[in-house]
Amino acid sequence: VETHIHLDKSCILDRCGNASDLDAAIADVAALKKGFTVDDVYQRACRTVEKCILQGTTHMRTHLEVDPAVDLRSFEAVQQVVADYRWAIDIEICAFPQEGLLNYPGTDELLVAAMKKGADSIGAAPYVDTDPHGQIDRIFELALEYDVDIDMHLDFGTDVSALDLDYVCELTEKFGRGGRVAIGHVTKLAHVSPERLIASAKRMADVGVALTVLPSTDLFLMGRDRYHGHTRGVTRAHELLGHGVNCSLSSNNVLNPFTPFGDCSLIRMANLNANICHISGSELTTECFNMVTTRSAKLMNIADYGVEIGKAADLAVIDAPSAADAVAELSPVLMAFKGGRQTMTRAPAELHRPENG
């Protein structure tokens with residue numbers, strides 16, 4: 001289950017350079033997306049979705065930028081992708097304002113239009129707005145109006161003097177949206193004191209705010225301002241799990257300035273996270289697997305997820321004896337099924353020994 005990916009801006013690495021930091025990556029894509037056409041977004045999104053299907057992904061939440069630069073072209077393209085690949089994957093669209101909401105005239109109207117046209121959830125990026133809390137207020141207002149889940153990009157950086165997650169938790173509690181609010185990145189939690197991390201985790205667990213960690217992007221973009229002693233900048237999801245926070249691991253970006261690589265393998269994300277966060281042992285490694293399967297399904301409120309009688313029969317067959325082994329050995333997906341129908345096959349690798357060897 002892929003909880004956080006950007007289909008609309010995937011596979012554009014050949015059009016731009018290597019971004020030096022988060023701001024540069026945002027600027028690069030902002031310049032490019034003015035030229036995005038419906039067909040362009042559709043073709044690139046299809047390429048990425050097919051990679052995901054071949055890696056066993058059966059559910060996805062794609063974050064999708066809506067603003068005057070790109071209008072609703074990306075939205076229209078991805079809606080078509082949703083329809084065309086329904087045979088293999090359920091794709092949920094989370095519309096959000098990547099370059100600001102209150103400080104970007106015309107964005108609010110387009111966000112409303114996306115909700116009216118069927119966006120499944122609503123997102124945010126308050127750290128790029130002139131009034132971060134004002135953007136958060138408006139996103140909660142729209143989520144309540146259209147009765148959709150919230151999934152925000154939040155606290156992406158290293159300055160821990162203030163955390164927007166505190167305000168998100170406050171509004172989640174105020175409006176009774178526990179279990180329907182998720183926050184992504186939150187790299188600032190990788191830089192806070194142990195005491196502050198525990199306090200944040202307990203608060204999130206109490207009000208029902210989930211967390212998605214994006215290991216590849218967070219590792220690539222954080223610490224770029226240092227010449228030595230580079231920080232990893234990846235929030236330690238396992239520590240939050242221990243305090244009752246539901247967490248997922250996800251890909252975020254594929255072949256663009258935010259993340260200039262990616263094969264859409266969530267098992268690879270689980271393995272990468274285990275490496276970054278010094279995870280070892282069967283129990284903790286299995287939790288890495290859970291964060292791309294059962295925990296991700298819970299974050300997205302997928303009601304019929306699981307291999308049980310009466311469920312939807314959306315599943316992947318992995319060449320490993322256990323979940324922990326799958327993560328540790330980057331085991332391949334051999335088959336995937338959607339609604340009980342097989343959607344992909346990968347033959348196991350074979351050794352061709354010499355006949356007289």
Side-chain angles (χ1 to χ4, degrees), residues 1 3-4 61 63 94 96 121-127 132-215 218 233-250 273 277 279 283-284 286-288 290-303 305:
V1 178
T3 62
H4 188 128
R61 173 179 287 170
H63 292 250
C94 179
F96 85 109
S121 55
I122 191 165
Y127 50 82
H133 284 195
Q135 181 180 134
I136 295 170
D137 286 337
R138 178 57 175 154
I139 296 304
F140 267 87
E141 182 180 308
L142 288 170
L144 290 167
E145 180 178 352
Y146 292 96
D147 191 25
V148 295
D149 290 359
I150 295 171
D151 197 337
M152 296 185 174
H153 298 66
L154 206 72
D155 289 326
F156 200 2
T158 59
D159 180 2
V160 299
S161 58
L163 298 178
D164 287 333
L165 74 84
D166 294 328
Y167 191 59
V168 170
C169 287
E170 178 184 329
L171 294 189
T172 300
E173 183 176 42
K174 176 181 178 181
F175 295 115
R177 304 298 282 184
R180 301 193 65 183
V181 177
I183 54 179
H185 294 293
V186 200
T187 57
K188 292 184 179 183
L189 286 183
H191 300 88
V192 299
S193 68
E195 296 77 18
R196 183 69 176 89
L197 179 65
I198 291 171
S200 294
K202 289 183 175 179
R203 178 65 170 148
M204 291 169 64
D206 286 345
V207 302
V209 171
L211 169 69
T212 296
V213 173
L214 296 313
D218 296 347
V234 178
T235 291
R236 297 175 64 84
H238 282 76
E239 295 187 20
L240 279 80
L241 292 180
H243 294 285
V245 180
N246 184 38
C247 297
S248 72
L249 303 171
S250 206
N273 185 77
C277 297
I279 298 301
E283 183 176 349
L284 291 179
T286 297
E287 278 290 16
C288 289
N290 294 341
M291 286 190 280
V292 299
T293 54
T294 55
R295 288 188 174 278
S296 291
K298 180 180 178 182
L299 184 149
M300 286 182 58
N301 292 307
I302 301 172
Y305 182 84

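These numbers come from the heavy atoms of this one structure, side chains and all, not from hydrogens, waters or symmetry mates.
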Can I get a per-line list of side-chain donor-acceptor pairs under 3.5 Å for residues 139-148, giving both atom names and the distance, sequence neighbours left out?
{"residue": "Glu141", "atom": "OE2", "partner": "Arg138", "partner atom": "NH1", "Å": "2.4"}
{"residue": "Asp147", "atom": "OD1", "partner": "Arg180", "partner atom": "NH1", "Å": "2.8"}

remark   = Scanning both residues in full, the closest heavy-atom pair of Ser296 with Thr3 reads CB-CG2, 3.4 Å
inquiry  = Donor-acceptor pair, distance only, cut-off 3.5 Å: does the side chain of Thr187 make one with the backbone of Val234?
reply    = no
ask   = Is a donor on one side and an acceptor on the other found under 3.5 Å between the side chain of Gln135 and the backbone of Ala125?
value = yes
ask   = Minimum heavy-atom separation for Cys288 to Asn273, with atom names?
value = SG-ND2, 4.0 Å
task = Quick one: pull up OG1 in Thr212 and CG in Asp218 and give me the separation to the nearest 0.5 Å.
result = 10.5 Å
key: Heavy-atom closest pair, residues Val1 and Tyr305   = CG2-CE1, 3.6 Å
query = Given side chains that start at C-beta, do those of Met291 and Leu241 come closer than 4.5 Å, heavy atoms only?
reply = yes
message = Counting C-beta onward and ignoring hydrogens, is there a side-chain heavy-atom pair between Leu163 and Leu189 closer than 4.5 Å?
response = yes
ask   = How far apart are the C-alpha atoms of Met152 and Val168, what are their side-chain angles, what is the distance that settles it, and do they pass the side chain to side chain contact (heavy atoms under 4.5 Å, CB included) test?
value = CA-CA 9 Å; Met152 296 185 174; Val168 170; 3.8 Å; yes
request  = Sequence neighbours left out, what passes salt bridge (Lys or Arg N to Asp or Glu O under 4.0 Å) with Asp137? Give chain and number order.
outcome  = none
query = Can you tell if the side chain of His243 reaches within under 4.5 Å of the side chain of Met204, non-hydrogen atoms only?
reply = no
request  = Taking all non-hydrogen atoms of both residues into account, name the closest pair between Pro215 and Ser250 and its distance.
outcome  = CD-O, 3.5 Å
query = Do the rings of Phe156 and His185 sit parallel, tilted or perpendicular, given the 30° and 60° boundaries?
reply = parallel
task = Applying side chain to side chain contact (heavy atoms under 4.5 Å, CB included), run through Arg203 and Leu165 and close with a yes or a no.
result = CA-CA 9 Å; Arg203 178 65 170 148; Leu165 74 84; 5.7 Å; no
key: Check: His238 side chain, Leu284 main-chain N or O, donor-acceptor pair, under 3.5 Å   = yes
message = Looking at every heavy atom in both Arg61 and Asp149, which two are closest together, and how far apart are they?
response = NH2-OD2, 3.9 Å
remark   = Distance col, row Asp151:CG vs Met300:CE, nearest 0.5 angstrom, shows 9.0 Å
request  = Give a yes or no answer on whether the side chain of Arg236 reaches the backbone of Cys277 with a donor-acceptor pair at less than 3.5 Å.
outcome  = yes
task = With rounding to the nearest 0.5 Å, note down the distance linking CG in Asn246 to CG in Leu240.
result = 10.5 Å
inquiry  = Once rounded to the nearest 0.5 Å, what's the spacing between atom CD1 of Ile150 and atom CD1 of Ile183?
reply    = 11.5 Å
message = Just verifying a value: how many Å separate Thr294 OG1 and Leu299 CG, rounded to the nearest 0.5 Å?
response = 11.5 Å
Heavy-atom pair with the smallest gap, counting every atom of Tyr167 and Ile136 = CD2-CG2, 3.9 Å
message = Ala190: which residues meet the side chain to side chain contact (heavy atoms under 4.5 Å, CB included) condition with it, sequence neighbours left out?
response = Thr235
query = CD/Glu239 to SG/Cys247 distance, rounded to the nearest 0.5 angstrom?
reply = 10.5 Å
